[in-house]
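Okay, so here's the structure we're looking at.
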Amino acid sequence: MATDLIGAYIACDAPGQAISMLERLAPSHSTVFWWNALIRRAVRLGFLEDVLGLYRKMQRHGWRPDHFTFPFVLKACGELPSFLRGASVHAVVCAKGFESNVFVCNAVVTMYGRCGALDEARQVFDDLCERGIGDVVSWNSIVAAHVQGGDPRNALKLFDRMTDDRRICPDAVSVVNILPACASVGAWSQGKEVHGFAVRSGLVEDVFVGNAVVDMYAKCGMMDEASKVFKSMMVKDVVSWNAMVTGYSQIGRFEDVLALFKKMRENNIELNVVTWSAVIAGHAQRGHGYEALDVFRHMQVCGSEPNVVTLVSLLSGCAAVGALLHGKETHCYAVKCILNLEGSDPGDDLMVINSLIDMYAKCQSSKVARMMFDLISPKCRNVVTWTVMIGGYAQHGEANDALELFFEMLGQENLMKPNAFTISCVLVACSRLAALRLGKQIHAYVLRNQLESVMVFVANCLIDMYSKSGDIDAARLVFDNMKQRNAVSWTSLMTGYGMHGRGEEALLVFDEMRRAGWVPDGVTLVVVLYACSHAGMVEQGIKYFDSMSKEFGIVPGVEHYACLVDLLGRAGRLDEALKLIEDMPMEPTPIVWVALLSACRTHPNVQLGEYAASRLSELESENDGSYTLLSNIYASARRWKDVARVRSMMKHTGVKKRPGCSWVQGKKGTATFFVGDWSHPLSRQMHVILEDLIQRIKAMGYVPETSFALHDVDDEEKGDLLFEHSEKLALAYGILTTPAGAPIHITKNLRVCGDCHAAMTYISKIIDHEIILRDSSRFHHFRKGSCSCGGYW
DNA sequence: GTAGGGTTAG
């Protein structure tokens, strides 16, 4: 009688009444059923903490959980997820002798899987197998644990073992579990086998299975296969259609997406938020932010409610095109409609916040990004939060801030483990700063954590870091040791050789690349031309440029023309460079005119320089570099009035010359110097050294090239100004702090000054160091009185 | 037991 009442209470969701009645009953076998019923109800309703409360309460009142109780309780632990509580339930399972109950043990495996405890899950599973009581559910559980735990490769291995085991017959769940794993590692041939199995066993008629097959092919980019399966499906639902939409969106076939939309309407399938989000994401991932925004608008017109996923995709689109205003609108929308909604997953909120930080950083608003970052309490941040902020800094010339934040991340109380993304961002920052010492430490970290073996990306960043930090041979070593390479690996190495003026080697790599079967793209050709230009290989460069379309099927873009202008200009062939610009099939962009203007500085030509500068200012008036170049051109012609005019023009238009800045990586960190910056504690000694060196090289024939000083003052004073250039200060500091015989590495934010270049060439003859100077475009190795650039500074 | 999402390189 009492138990009937309890059942009724449970059925009408009055658990309090049911519990108080149960507590008044004496423990007997029949009433465990009602505790289980209560617990099951709580699991269904998602009251996970209540499940555990009931579990404790029933034990306090003397009832023993049975083989029905444990799976529910374990499910609650897995969904919370709470490893500690799950493990203690597992301990009780063992203590009460339930380890031979496969039903209970399968639930333990699933629970551990949900908690990310793959080793524990595996141990329970292996135990089941050893005792020969594992069933298909056990196998499905352990495979699912590996798929969800981010270990798809082992999931695939386990699935293979499962199909080899004759006692086990995979079911629909097995197939639906394993196909996403195939897709995530691009194992389409294994996916094809699973598909074959599904067909032979008839499972493919299950709409879940069919969807999983379509999804697998679509994610592998095999839309013909996906389409074939899709068409053959007797029963389709919106998930089937969305799998196709996603597939086409990912490979950018949006006209096929539109065709699907039409058919969906014909079949009365309503587009849902997943459909729209997938298309938005497809555009965003291809860098088509404005198309993503269009789809978003369309979605709203159609009355579909965006959700977290929609916003995250949309923000990545805004970030890709630097659409700050749209990003801000999306931010407002998120605050109004999405963030902090009752019952929303806090992980989802963090994802939106991470996307917002990334969007602001990529839209040049790193201050706003940092404000958002600081607003999140450190214990709520995850590794992506840190990475987007570090990456934002690294990419926008705030490399020091990037590194500072990275160290802050490492010092967090709740241990934050950098992942491959974080490491890539940090390496970008190292590259910018030429921070070789830190870069090497990061490399060691990469090796210890085996990040490079799975991540071509990280190794590519290492190549870039080493070559931009002055150690191109180390870059080569990283390259040679890569098990897998992609086109970026090759071009990174070529860029390195190009920057170091080792054009022949860059071209050898280019040949190697082609022999290895890689098809060069537009970027590769830019690098090839750049290498030719910086090594003075004019004829070679022209040949490559002329054969681009024929040999590689690449139509020269404006960036290739700019390279060729640079190439001709460096060689002093200014008329040809101008003719090339005039004959260009497209409108020249600023980089083209800057290339010509630089050439007019290297090979003084006032008239052409003026022309280039005027064309440049039509396109962008705020380029401080172009004013400096023009002023240098006038100065070298000793046209001081024009120099003054340019300076007043700069003042008038509010263009500020970026201050020259050089730095040296020493054992105790970085020492940074600005022009005329004598604030360093070693300044006195630096001054003495410079004075002495300049005296000595003057005796060797060095004549200060005062035209670089940008001032109309008498020569003696200009000599002083040259004396104070940041790269000379950095050199003096390097000499003071670098052990004899070791190279001095200097990095400068702008192009090296011609006088400094000349002075360093002389100085390298009399000091016991090689000087390796990286400026904004390339490396200069000064050794024994000559420079690797061969005068093409 | 099925679908969509945030961070990385030339």
Side-chain angles (χ1 to χ4, degrees), chain A residues 137 140-141 143-144 147 171-180 203 206-216 218-219 237-247 249-250 272-282 284-285 307-316 319 347-348 350-359 361-362 382-392 394-395 418-428 431 451 455-465 467-468 486-496 498 520-524 526-527 530:
Chain A
V137 179
N140 289 345
S141 305
V143 170
V147 174
D171 61 7
V173 176
S174 323
V175 172
V176 170
N177 262 338
I178 198 62
L179 283 169
L203 290 171
D206 182 336
V207 64
F208 279 56
V209 172
N211 288 345
V213 174
V214 174
D215 182 64
M216 181 274 298
K219 287 221 180 85
D237 59 13
V238 65
V239 178
S240 334
W241 289 90
N242 282 344
M244 294 295 291
V245 170
T246 307
S249 299
Q250 294 285 339
N272 65 13
V273 60
V274 177
T275 329
W276 292 108
S277 303
V279 181
I280 292 173
Q285 280 158 18
N307 66 8
V308 172
V309 180
T310 323
L311 290 200
V312 164
S313 309
L314 194 61
L315 283 169
S316 97
D348 277 356
L350 184 59
M351 220 172 205
V352 175
I353 292 168
N354 289 346
S355 301
L356 282 166
I357 296 176
D358 182 55
M359 180 277 294
K362 291 213 170 99
N382 66 9
V383 61
V384 179
T385 320
W386 287 92
T387 304
V388 290
M389 196 62 237
I390 292 171
Q395 280 169 338
N419 63 17
F421 291 91
T422 325
I423 292 301
S424 303
C425 293
V426 174
L427 285 171
V428 169
S431 290
L451 291 178
M455 294 279 172
V456 179
F457 229 105
V458 174
N460 290 348
C461 291
L462 280 168
I463 294 177
D464 191 60
M465 183 277 294
S467 70
K468 292 210 174 111
N486 62 18
V488 178
S489 324
W490 292 91
T491 42
S492 301
L493 187 64
M494 287 168 56
T495 308
D521 62 8
V523 182
T524 319
V526 166
V527 175
Y530 171 94

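Labels below follow one simple rule: chain letters A, B, ... track the order of the sequence lines, proteins then strands, and each chain is numbered from 1.
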Which nucleotide in the set [options] lies at the smallest distance from any side-chain heavy atom of [X]?
X	options	result
A:Val523	B:dT7, B:dT2, B:dG10	B:dG10
A:Asp237	B:dT2, B:dA9, B:dT7	B:dT2
A:Asn242	B:dG5, B:dT7, B:dA3	B:dA3
A:Asp464	B:dG5, B:dG10, B:dG4	B:dG10
A:Lys468	B:dG5, B:dG10, B:dT8	B:dG10
A:Val312	B:dT8, B:dG4, B:dG5	B:dG5
A:Val238	B:dA3, B:dA9, B:dG1	B:dA3
A:Val428	B:dA9, B:dA3, B:dT7	B:dA9
A:Val488	B:dG5, B:dA3, B:dA9	B:dA9
A:Lys219	B:dG5, B:dA3, B:dT8	B:dA3

Describe the nucleic acid contact of [X] in one word from base, sugar-phosphate, nothing, applying a heavy-atom distance below 4.0 Å.
X	result
A:Ser424	base
A:Ala487	base
A:Val384	base
A:Ala281	sugar-phosphate
A:Val273	base
A:Asn177	nothing
A:Thr387	base
A:Ser240	nothing
A:Asp171	nothing

What integer distance in Å separates [X]:[atom1] from [N]:[atom2]?
X	N	atom1	atom2	result
A:Tyr530	B:dG10	OH	P	13 Å
A:Phe421	B:dT8	CZ	C1'	6 Å
A:Met465	B:dT8	CE	C1'	15 Å
A:Leu427	B:dT7	CG	P	19 Å
A:Ile353	B:dT7	CD1	P	16 Å
A:Leu356	B:dG5	CG	P	18 Å
A:Leu315	B:dT7	CG	P	10 Å
A:Asp521	B:dA9	CG	P	16 Å

Check: Between CG of A:Leu203 and CG of A:Asp171, what distance do you get to the nearest 0.5 Å?
Finding: 7.0 Å

Next item on the list: Could you point out which residue of A:Ser431, A:Ser492, A:Ser424 forms a side-chain hydrogen bond (donor to acceptor under 3.5 Å, both in side chains) with A:Asp464?
Entry: A:Ser431

Next item on the list: Examine B:dA9: is either OP1 or OP2 under 4.0 Å from a nitrogen or oxygen in the side chain of A:Gln395? Give yes or no.
Entry: yes

Note to self: Below the 4.0 Å mark, does B:dG5 have OP1 or OP2 next to a side-chain nitrogen or oxygen of A:Gln250?
What the structure shows: yes

Item checked: Backbone of A:Ser240 reached by a side-chain donor or acceptor of A:Asp237 within 3.5 Å -> yes

Note to self: Determine whether a donor-acceptor pair (one donor, one acceptor, N or O, separation below 3.5 Å) exists between the side chain of A:Asp206 and the base of B:dG1.
What the structure shows: yes

Check: What about A:Asn272: does its side chain form a donor-acceptor pair under 3.5 Å with the base of B:dG4?
Finding: no

Item checked: Side-chain H-bond candidate by donor/acceptor type, A:Asp358 with A:Ser355, under 3.5 Å -> no

Note to self: Any donor-acceptor pair under 3.5 Å linking the side-chain atoms of A:Asn307 with those of A:Asp348?
What the structure shows: no

Item checked: Partners meeting side chain to side chain donor-acceptor pair (under 3.5 Å) with A:Asn177 (sequence neighbours left out) -> none

Item checked: For A:Ser313, side-chain contact (heavy atoms from CB on, under 4.5 Å) partners two or more places apart -> A:Ile280, A:Ala281, A:Val309

